[in-house]
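To start, the structure under review is shown below, and the notes come after it.
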Amino acid sequence: MAEETELRYNPAAIEPKWQDRWAADPSFYAAEPATCGKPKYYVIEMLPYPSGQLHMGHVRNYSIGDALARHMWMLGYNVLHPMGWDAFGLPAENAALKNNTPPREWTLGNIAQMKTQMQRLGLGYDWATEVATCLPDYYRWNQWFFLRMYEKGLVYRKKSKVNWCPECATVLANEQVVNGCCWRHDDTLVDQRDLEQWFLRITEYADELLDGLDKLDGWPEKVRIMQRNWIGRSEGTEVDFFLEEINQGSEGQGLGTREEGLERQRIRVFTTRVDTIFGATSVQLAPQHELVAKFTAVDAALKAQVDELLDQQKKAREAGDLGAIEKHGVPTGRFAINPYNGARVPIWVANYILADYGTGAIMSVPGHDERDFEFANKYNLPVVQVIQPVQNEDGAKLPFCSEDGVLVNSGEYDGMSCADAEKKLQEIATAKGFGEAKTTYRLKDWGISRQRYWGTPIPMINCPSCGLRAVPNNQLPVVLPGKIEITQQGGSPLSRVPEFVNTTCPNCGQDALRETDTMDTFIDSSWYFYRYTDAKNSSAPFEPAKAQYWFPIDQYIGGVEHAILHLIYSRFWTKVMRDLGLIKNDEPARRLFTQGMVIKDGAKMSKSKGNVVSPDDMVGRYGADATRMYALFAAPPDRDLDWQEDGVAGVSRFLGRVWRLVTKHSATARNAPMLLSKTQEGEAQKLLRKLHQTIAKITLDFEGRWHFNTCVAAIMELVNELQAADAQLTSGEVPPAVVRELLRNLVLMLAPFAPFLSAELWEELGEQGAVLRAPWPKSDPELAKDDEIEIPVQINGKLASVVRVPAGSDAKVIEAAALADEKVQARAAGKSIAKVIVVPGRAVNLVVK
RNA sequence: GCGGAAGUGGUGAAAUGGCAAACACACCAGCCUUAGGAGCUGGCGCCGAAAGGCUUGCGGGUUCAAGUCCCGCCUUCCGCACCA
């Protein structure tokens, strides 16, 4: 070995050798059985979409996860570190259109390609648990879960307004609409269409999803806040205003007229401030409100005006700024009656009322709401004060929106606090049947139907006689037909495959039709990490005992862009699986880490900007170790990282220095005995001290703070010192046993960051077995201890000098040393020392006058 | 508007309240060489010839001592945005 060793570090020679070894020895990374007696550690990075090419964001993400996994291996944990493919989705269909390649072939080809890239990077995955969501082995369990949810009433079908991306030719979930545009096409506006859709009742879990966030203290606060806002729980009251009766004879077509025995027409509004209801001076309806359609049906002039409001909303949405729309409204000429006091207020239609929040109707209280105030001023609606602030006398200034006040102009409720009044008014509404306390959410049920081919078929059958029927369990999976012609035209491609569509009813056996929509791909990623624990199971999604052993995930790592999509869906799925009795954990992941973006020249890498750096290119030129290590060294992992190729070259040069250092002295180390004595002479002692200080620092940074950049910097410092002592290492002044100790530990510490080089040098040092199976070094505090330390001496807080004292000196010794210092004496000359502050081991400060 | 994160050399960055700029990149000077995207030595915040002084977005404050803690502001990035 030594003879063949190249003088120069050549990753192109080292890396393929280990790639081959690792590929031929899959057990190398495989998780050990749960009975191994070691504590478990489950770390995963978010699975990628198999586009065919890794990008630098992946490299960073996986370098972090792999460093962590390797570190945990060396600490003796039973580590599960799997990888999979989020393999369904539209790009496969687009590729099919463009290159006439079947989606399945295209996807599997991309997976193979990216897997090769990962192996080239030396990422230590347990490929035995690999999951590809586009394979029937996997997606059959999506169907299975769908049916279990259907049985539990968590799945329903309804016709509703849905988000439609014309580019994708499919429906999008609310979470997939960003600024009114498609999350995949940020310049394509989302339309609203009326479609029959399958929904999952995620709102059933809204409270638990929200409350659970408080317990997720291993998650970034930012993500928790984003989820909290997304769920948007709001506690308030729903109240019915009565529609005023209109005289018989006006062509009201019964609308609003009180017919004998029929309840009066009501307009239900949602408010969080029912205590201000005596200040309501109008009722505002969203233009889409069903009552508006009834009004406009008999009033062409009104219809024209409402259409204009709708148009304004549309334009604002197109401009991507619904929030900035100027408030416009039109009076309907109708009136509503406040159920509490019988007050008669006009009904308006306004463009700032959201149809899909609350009831799509509000009571307008200009005295105590900013927006209502603005609106009322514009249209000269009365402003009535019904809350008197408690705090200041300046209560005349409206709108007053705080709840810190008492009711006025509110009849019998005058003098009550806002909180008391709310409670009381809710009780009355409930008792009299015109309202109730109500909690509203911004979160909507999850619309999962997609009019696409490359996804999980929804396992339902429509029978002309029996109606909708679930596919029986023993007929799962409903397999995607392989042969299909993908065309540009909209609609579900599966509906054009008669062999797929035509089936028989599981109930009556008659001819029936299959559902031809497929599932949102976020379903695939909602539970994939459970499948990793039992990826080959063909009779269940996974064995509960296996999932129970590994869950919750100890560390989940990915981009913050999934803060509300994937991360809320997968929390939901976990809770559903728990309620199905499959698992015991409430949350999927104990800790979540969101790494920063990889940018170049201050901008996000993108093809259009032409600033994309290819991982293959980096690996080709500098090797996988240098590429990975740079990704960890250039910035702390939570910050954005500016990719600078010179930096990669720098890391590569560093690895070259390590290579030369270790190979130069490896023979000495190989033939050396174990280091037994802690007491060494001069340079040897100094180097051992640096070594143990480095181990301490890097262990702390790794386990405590996740600052991989300072870990790498610490190793660089150690190497710099070793290099500076090259002569002593060569001459034998530093004993071989110490050389061995130094180099061994250096290689061990490099293992999470530069796996190829470490494996190679480990072998070069004559060590048996994999470096990953070697224990992580332990810092010996005795060896790490300095015998002399420098103490800064300040005069009035300004640095005056630095004195050297023996480590562990007490305050008296340090003070004496400081006062004896020449520079200190010169500065303090002629002044009296008022006070001396000594912080042993830290600093001295003289207060002089 | 609301919420979050961040502002430190030419650049990426480092610093349990205790010597600001570790570790790198770039640059400069020199050395070496079978000329490489190699290696080695030294320099490198700002002002100053030096002694020395100044320096962590701005302004206050707490403290013997502040990049770090507190208050007020400015800027940038990210998320949300008429949610009644």
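Letters A, B, ... mirror the listed sequences (proteins, then strands); counts begin at 1.
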Tell me which nucleotide among [options] gets nearest to the side chain of [X].
X        : options                : result
A/Arg639 : B/rA84, B/rG53, B/rG7  : B/rG7
A/Gln644 : B/rG12, B/rA15, B/rG53 : B/rG12
A/Val839 : B/rC64, B/rA13, B/rG18 : B/rG18
A/Phe270 : B/rA65, B/rA84, B/rA38 : B/rA84
A/Asn845 : B/rC19, B/rG18, B/rC23 : B/rG18
A/His707 : B/rA15, B/rC64, B/rA22 : B/rA15
A/Ile225 : B/rA84, B/rG3, B/rC19  : B/rG3

_A/Phe708/A/Phe702 aromatic ring centres below 6.0 Å_ =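 Centroid separation for A/Phe708 and A/Phe702: below 6.0 Å.
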Can you check the distance between [N] and [M], where both ends of the measurement are the [atom1] atom (answer in whole Å)?
N      : M      : atom1 : value
B/rA20 : B/rC31 : P     : 36 Å
B/rC32 : B/rC40 : P     : 16 Å
B/rA24 : B/rG72 : C1'   : 37 Å
B/rC58 : B/rA65 : C1'   : 23 Å
B/rG52 : B/rU33 : P     : 41 Å
B/rC2  : B/rG57 : P     : 24 Å
B/rA51 : B/rG60 : C1'   : 34 Å
B/rC77 : B/rG30 : P     : 43 Å

*asked:* Quick one about A/Asp356 and A/Gln288 (side-chain donor to acceptor, distance below 3.5 Å, no hydrogens or angles considered), yes or no?
replied: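 No - no donor-acceptor pair under 3.5 Å links their side chains.
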Phosphate contact ([N] OP1 or OP2) by [X] side-chain N/O below 4.0 Å:
X        : N      : result
A/Asn709 : B/rA24 : no
A/Ser234 : B/rA84 : yes
A/Arg224 : B/rG3  : no
A/Arg705 : B/rA15 : yes
A/Gln723 : B/rC40 : yes

Roughly, in whole Å, what's the span from [atom1] in [X] to [atom2] in [N]?
X        : N      : atom1 : atom2 : value
A/Leu799 : B/rA21 : CG    : P     : 10 Å
A/Trp219 : B/rG4  : CH2   : C1'   : 17 Å
A/Asn229 : B/rC78 : CG    : C1'   : 14 Å
A/Ile231 : B/rG79 : CD1   : P     : 19 Å
A/Arg8   : B/rU33 : CZ    : C1'   : 13 Å
A/Met716 : B/rG12 : CE    : P     : 17 Å
A/Glu561 : B/rC77 : CD    : P     : 19 Å
A/Arg442 : B/rA84 : CZ    : P     : 11 Å

Please determine if [X] and [Y] form a salt bridge, counting it only when a charged side-chain N lies under 4.0 Å from a carboxylate O.
X        : Y        : value
A/Lys690 : A/Glu717 : yes
A/Arg268 : A/Glu436 : yes
A/Lys327 : A/Asp372 : no
A/Glu815 : A/Lys812 : no

At under 4.0 Å between heavy atoms, what does [X] touch on the DNA or RNA strands: base, sugar-phosphate, or nothing?
X        : result
A/Tyr622 : base
A/Ile353 : base
A/Arg653 : sugar-phosphate
A/Lys798 : sugar-phosphate
A/Gly232 : nothing
A/Pro636 : sugar-phosphate
A/Asp646 : sugar-phosphate
A/Asp372 : nothing
A/Asp640 : sugar-phosphate
A/Asn720 : sugar-phosphate
A/Ala634 : sugar-phosphate
A/Phe633 : base

*Candidates A/Arg273, A/Gln426, A/Lys438 - the one meeting side chain to side chain donor-acceptor pair (under 3.5 Å) with A/Thr237*: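 Option passing the side chain to side chain donor-acceptor pair (under 3.5 Å) with A/Thr237: A/Gln426.
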*Parallel, tilted or perpendicular: which describes the rings of A/Phe375 and A/Tyr379, with under 30° parallel and over 60° perpendicular?*
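Tilted.
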*asked:* Please classify B/rG9 as syn or anti, treating any glycosidic angle within 90° of 0 as syn.
replied: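 Because its glycosidic torsion lies within 90° of 0, B/rG9 adopts the syn conformation.
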*Any donor-acceptor pair under 3.5 Å between the side chain of A/Gln794 and the base of B/rC64?*
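Result: no qualifying N/O pair found.
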*Between the base of B/rG4 and the side chain of A/Glu221, is there a donor-acceptor distance below 3.5 Å?*
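Looking at the base of B/rG4, it does not pair with any donor or acceptor on the side chain of A/Glu221 (distance under 3.5 Å).
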*State whether the number of non-hydrogen atoms from other residues, nucleotides or ligands found under 6.0 Å of A/Glu788 atom CD is greater than 12.*
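It does: A/Glu788 CD has more than 12 such atoms within range.
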Partner nucleotide of [N] by Watson-Crick or wobble geometry (both distances under 3.5 Å):
N      : value
B/rC2  : B/rG79
B/rC23 : B/rG12
B/rG72 : B/rC58
B/rA38 : none

_Nearest-nucleotide comparison on RNA chain B, the residue closer to the 5′ end among A/Lys697 and A/Pro792_ =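 On the 5' side of the pair lies A/Lys697.
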*Starting from the 5' end of RNA chain B, give me the residue, A/Met226 or A/Ala649, whose nearest nucleotide shows up first.*
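Looking at RNA chain B, the more 5' nearest nucleotide goes with A/Ala649.
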_So, taking the atom named CG in A/Asn229 and the one named CG in A/Leu210, what distance separates them when rounded to the nearest 0.5 Å?_
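Nearest 0.5 Å value for the CG-CG distance: 10.0 Å.
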